[in-house]
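Here's the structure, in structure tokens; my notes come after.
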Amino acid sequence: MGLVLCASLSSVAEAQNVEQGKTLFLAHCSACHLASGAGGVHFGNAVSADLRAPGLETTYHNSDKLLLRAILDARDETDEPLDAPMPAWRGKLTQSEAQDIIAYLKTLKS
């Protein structure tokens, strides 16, 4: 019975992380990536990325570490700077908040 309780508590915690991630995403990311995560917003020659699956996983090789770097440091999967409109959120978001955003992004599908 203890394992069932642990799994249930883990599911509740994951749901809370996703909900917190959604709130953070809508507050900080949706202006450029749209509320749906579809992106496509033009900034001169740059276009905001589609953050929905399966493209997100393909681009970032299913790696939370790479996604975290993109959010916090504005660096892509090859460690190159992302297009100029993408800010580095380090110092504005905590690592935990960025991980919550990642948890939410994993729920988005194209």
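Just so you know, these numbers come straight off a predicted model, no measurement behind them. Index from 1, following the sequence.
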Under a 4.5 Å side-chain heavy-atom rule over Ile, Leu, Val, Met, Phe, Trp and Tyr, are Leu34 and Leu108 clustered together? no
If only atom types and distance count, is the side chain of Thr23 paired as donor or acceptor with the main-chain N or O of Glu19 below 3.5 Å?
-> yes
Separation between CG (Leu56) and CG (Leu67), nearest 0.5 Å, reads 5.0 Å
d(Asn62 CG, Lys106 NZ) to nearest 0.5 Å is 8.0 Å
Is there a donor-acceptor pair under 3.5 Å between the side chain of Ser110 and the backbone N or O of Arg52? no
| said: Looking at Lys65, I want to see if its NZ is surrounded by more than 12 non-hydrogen atoms of other residues, nucleotides or ligands under 6.0 Å. | reply: no
Discussion item. Whether the side chain of Glu97 engages the backbone of Thr94 through a donor-acceptor N/O pair (distance < 3.5 Å, no angle test) should be reported.
Written reply: yes
Looking at Asn45, I want to see if its CG is surrounded by more than 12 non-hydrogen atoms of other residues, nucleotides or ligands under 6.0 Å.
no
Separation between CZ (Arg75) and CE (Met86), nearest 0.5 Å, reads 12.5 Å
Please check: side-chain N/O of Ser30 versus main-chain N/O of His33, any donor-acceptor pairing under 3.5 Å? no
Determine, for Lys22 against Asp100, whether the closest basic-nitrogen to carboxylate-oxygen distance falls under 4.0 angstrom. no
Check: Do Arg69 and Asp73 meet the salt-bridge criterion of a basic N to acidic O distance under 4.0 Å?
Finding: no
Exercise for review: Would you kindly confirm whether Trp89 and Phe43 end up in one hydrophobic cluster when ILVMFWY residues are joined by side chain heavy atoms under 4.5 Å apart?
Suggested key: no
**Message:** Please check: side-chain N/O of Asp83 versus main-chain N/O of Pro85, any donor-acceptor pairing under 3.5 Å?
**Reply:** no
task: Indicate yes or no for a side-chain donor-acceptor contact from Asp76 to the backbone of Thr78 under 3.5 Å, with no hydrogens or angles considered.
output: yes
